[in-house]
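Okay, structure first, notes after.
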Amino acid sequence: MNNHLANLFSDYQSNDFYCELFGNSQRGLRPDTQAIIERLSTLDPERLRQRAQDAERELYNLGITFTVYTQRDVIDRILPFDVLPRVIDTADWKRIESGVIQRVSAINHFLQDIYHEGRILKDAIVPNELILENPNFRPEMRDLQVPHGTYVHVSGIDIVRGEDGKFRVLEDNVRTPSGVSYVVENRHLMQRAFPDLMEGTGIEPVSNYGQKLHEALIEVAPAQVLDPRVVLLSPGSYNSAYFEHIFLAREMGVPLVEGRDLIVEDSRVFMKTIKGLIPVDVIYRRLNDDFLDPQVFNSTSLLGCAGLMDAYAKGNVTLANAVGTGVADDKAVYAYMPRIIRYYLDEEPILDNVETHICREAEGLQYTLNHLEELVVKPVGEAGGYGITVGPKASQEELESCRASLLENPANYISQPMINLSVCPTLAEDGIMPRHVDLRPFAVTGKETWVLPGGLTRVALRPGSIIVNSSQGGGSKDTWVLRSSRG
Amino acid sequence: MTALLSRHAACIYWMGRYIERAENLARILDVNETYSRDSRGGQNWRSIVELYNDKNQFDELYEDYDDKNVLSFYVLDSRNPSSLVSAVQTARENARTLRPLISTEMWVHMNVFSNWIRGTREEDLKEGRLSRLCMQVRQECQAHTGITEGTFYRDESWYFYQLGRMIERADQTTRLLDVKYHMLLPSLHDVGSALDVSQWNALLRSAAGYHAFRRVYPTGFAVPNVVAFLLFNDSFPRSVHASIGQFESQLTDLRQKFQLMGGADALGELYDVRTVLSESSVDAIMTRGLHEFLDWTQQRIISVGDKLSADFFS
């Protein structure tokens with residue numbers, strides 16, 4: 001067995017980081033991945049590189065790209081793909097899956113509550129002003145009933161694993177999370193590039209995502225509709241995630257519409273077709289709240305459809321996700337998520353948060369100020385990694401500016417320890433190297449929640465980097481959830 | 001069943017049109033380099049600018065009507081919406097919007113095609129290489145239509161694709177005839193000369209009609225015969241009559257098969273054009289003025305497009 005290991009992974013060292021394939025520091029700590037390791041070990045590095053290049057060219061030709069706009073050009077870039085899969089064993093997956101289901105359930109309870117009685121606020125589990133003054137709290141949603149109490153139909157919960165091998169939630173994404181198309185396309189790519197590698201390995205399939213999503217969306221259609229018509233609402237072909245919108249519309253077999261294709265008459269939504277106007281019952285929208293309806297939100301938006309909120313409020317159309325879910329994935333609210341889970345479900349969180357200090361609370365602020373150079377300080381309102389100060393990497397000047405901002409408006413910040421993300425063996429220029437990864441599992445909720453086995457593994461391709469975002473040199477990997485051998 | 005979005009119908013119609021446009025332009029550029037020489041022996045590149053009514057735009061961007069400028073304008077220049085690069089890019093942008101409807105193979109080919117043509121450089125336009133470039137464009141367009149024929153699901157969108165191609169083809173053939181005929185007028189005394197024969201030869205070749213013409217008219221290049229062939233011949237797929245006839249039958253099928261109310265006005269307009277085409281003799285047309293006739297036909301074709309658009313695309 002060790003002869004095989006001498007091939008592909010002979011020079012591989014994960015140092016002190018947790019390795020998703022080999023476990024902690026010494027090899028062989030993860031018996032469940034042994035068979036996969038043996039199989040991967042037989043690959044010749046040069047042949048691997050050749051197949052990797054073929055795979056990337058295929059991605060480009062297939063147009064599986066995200067779009068980058070510069071002053072003079074529209075550039076379609078592929079999300080770099082690493083051919084060495086990230087493997088999750090059955091036990092780890094069970095934990096992630098049940099943890100995600102628990103979290104989504106708590107979030108839906110929370111949204112139902114804050115848009116109705118507001119018990120959690122009255123009980124002072126979560127500060128009143130944190131919710132009611134939150135820019136993503138939508139008063140329009142007050143007392144509005146959504147089918148099955150499902151506000152969040154599609155969610156992506158970002159999970160990281162630290163040196164201790166424990167999974168923790170880093171961030172909840174419950175507005176319009178993207179990336180699921182890469183999960184499915186990466187798998188297709190692996191199946192074409194490495195049929196020999198995958199055969200008989202017992203990996204959970206991912207290709208039924210579109211079908212599951214479609215079923216869930218039909219479940220949440222307005223009750224009075226017999227044969228619900230679902231559409232996917234996209235901001236259009238200039239959106240950087242347009243490929244994903246196409247992918248999902250096609251997988252579900254539903255029309256991919258833009259705001260200009262829709263019209264509201266008598267509080268009902270229709271789409272304009274060559275046959276005239278056809279009613280629409282469920283809209284999977286990949287458009288932020290702000291742009292949905294110029295009559296209610298951003299009045300200059302051309303991306304949405306005037307009158308949509310009126311039709312929604314009258315229960316004539318279902319929006320997925322519901323309006324106003326952004327209040328639940330706010331970074332400040334995230335800090336309260338363990339308490340939110342206990343409050344509604346009377347259970348301990350299956351997946352912990354990353355240790356988080358809430359700067360609006362005196363204790364949290366003091367701790368943050370005292371340990372600034374060790375902590376990652378994040379503004380609560382921003383998304384996509386903006387405004388973050390990474391203590392261990394910041395200059396003295398940056399730390400001082402951060403300290404000033406903290407003192408000026410503590411409620412706007414949380415802080416977390418720097419996490420040494422786990423690594424995966426990754427094909428780099430100088431061989432197989434450890435690179436940091438995270439995981440975004442996707443959950444779909446109609447009446448109940450289903451989690452796509454695996455999710456999107458993002459990998460920081462630059463040596464030592466922990467930034468997995470595609471805009472900063474991140475790529476992705478196929479994610480293999482091993483099927484339970486016990487059936 | 002879900003009906004086709006109006007916006008998607010427009011996109012697929014224009015995708016068909018732009019590919020057809022690119023194919024015709026490549027044919028014309030190729031043939032012009034090979035066969036079209038004016039009485040001084042120089043290649044006449046100005047005629048192509050006239051053919052497409054692009055004089056104003058060309059004059060804004062370039063000075064001389066030399067081969068380098070005209071070819072840059074029609075092959076590479078993204079400021080010209082009808083250049084090969086622009087036409088293929090536009091077709092590709094439409095295809096991008098249509099991704100949920102078109103086949104993966106159509107999309108992959110469109111990407112390969114557009115990535116390739118974006119890599120075209122000035123030196124690819126030099127004598128000797130242009131012909132290869134044009135041939136590849138033509139073949140990529142044909143590959144596109146072939147892949148589409150073989151893989152595209154036959155719902156409403158298929159019909160809109162065909163409508164776009166056929167209307168563009170009819171339009172392109174009238175333009176081709178118009179400019180060549182126009183160009184020859186000052187040199188009518190050359191009729192039957194070697195130069196004249198080569199001009200008409202080029203005209204037929206750019207429409208891929210040389211051999212078919214020979215089967216109908218085994219000898220000679222009588223101008224009325226060439227005109228009649230390109231206008232009326234029902235068996236030659238690029239003739240105006242055949243293209244319009246195809247358009248008409250596709251539109252009729254589309255309406256019947258999918259029970260659509262729209263399209264009646266466009267059919268009415270088409271009926272007029274086709275009646276005139278069926279009932280006119282080439283001699284009568286040439287006596288009254290071929291240019292005027294072609295102009296009238298182009299106006300009707302534009303009007304058919306407008307009516308289609310009003311009924312289906314808005």
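This structure is a prediction, so every number in the text was calculated from the model and none was measured. Residue numbering restarts at 1 for every chain, and letters A, B, ... go by the order of the sequence lines.
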Exercise: identify the closest heavy-atom pair between A:Asp261 and B:Arg7: OD2-NH2, 2.5 Å
More than 12 heavy atoms from other groups under 6.0 Å of CD on B:Glu123: yes
Distance, nearest 0.5 Å, that separates CZ of B:Arg96 from OH of A:Tyr238: 8.5 Å
Residues, nucleotides or ligands: over 12 heavy atoms within 6.0 Å of B:Glu122 CD: yes
Interface moiety of B:Thr97 toward chain A, non-hydrogen atoms closer than 4.5 Å: both
Partner of A:Ile274 by side-chain contact (heavy atoms from CB on, under 4.5 Å), out of B:Glu156, B:His8, B:Met261: B:Glu156
Side chain to side chain, A:Lys272 and B:Leu5, heavy atoms closer than 4.5 Å: no
Chain B contact via A:Val257 - which portion, at a heavy-atom distance below 4.5 Å: both
Heavy-atom proximity to chain A below 4.5 Å, by part of B:Phe313: neither
Under 4.5 Å from any heavy atom of chain A - which part of B:Leu260: side chain
Atom pair CZ (B:Phe258) and OG1 (A:Thr273), whose distance is rounded to the nearest 0.5 Å: 12.0 Å
Contact winner vs chain A - B:Leu101, B:Val112, B:Asn115, B:Thr104, heavy-atom pairs under 4.5 Å: B:Asn115
CG/A:Asp266: more than 12 non-hydrogen atoms of other groups inside 6.0 Å: no
A:Phe243 side chain near B:Arg99 side chain, heavy-atom distance below 4.5 Å: yes
Atom CD of A:Gln53 with >12 non-hydrogen neighbours under 6.0 angstrom: yes
Which atoms of A:Glu258 approach chain B - backbone, side chain, both or neither, heavy atom under 4.5 Å: both
Enclosure of B:Leu61 CG (heavy-atom neighbours >12, cutoff 6.0 Å): yes
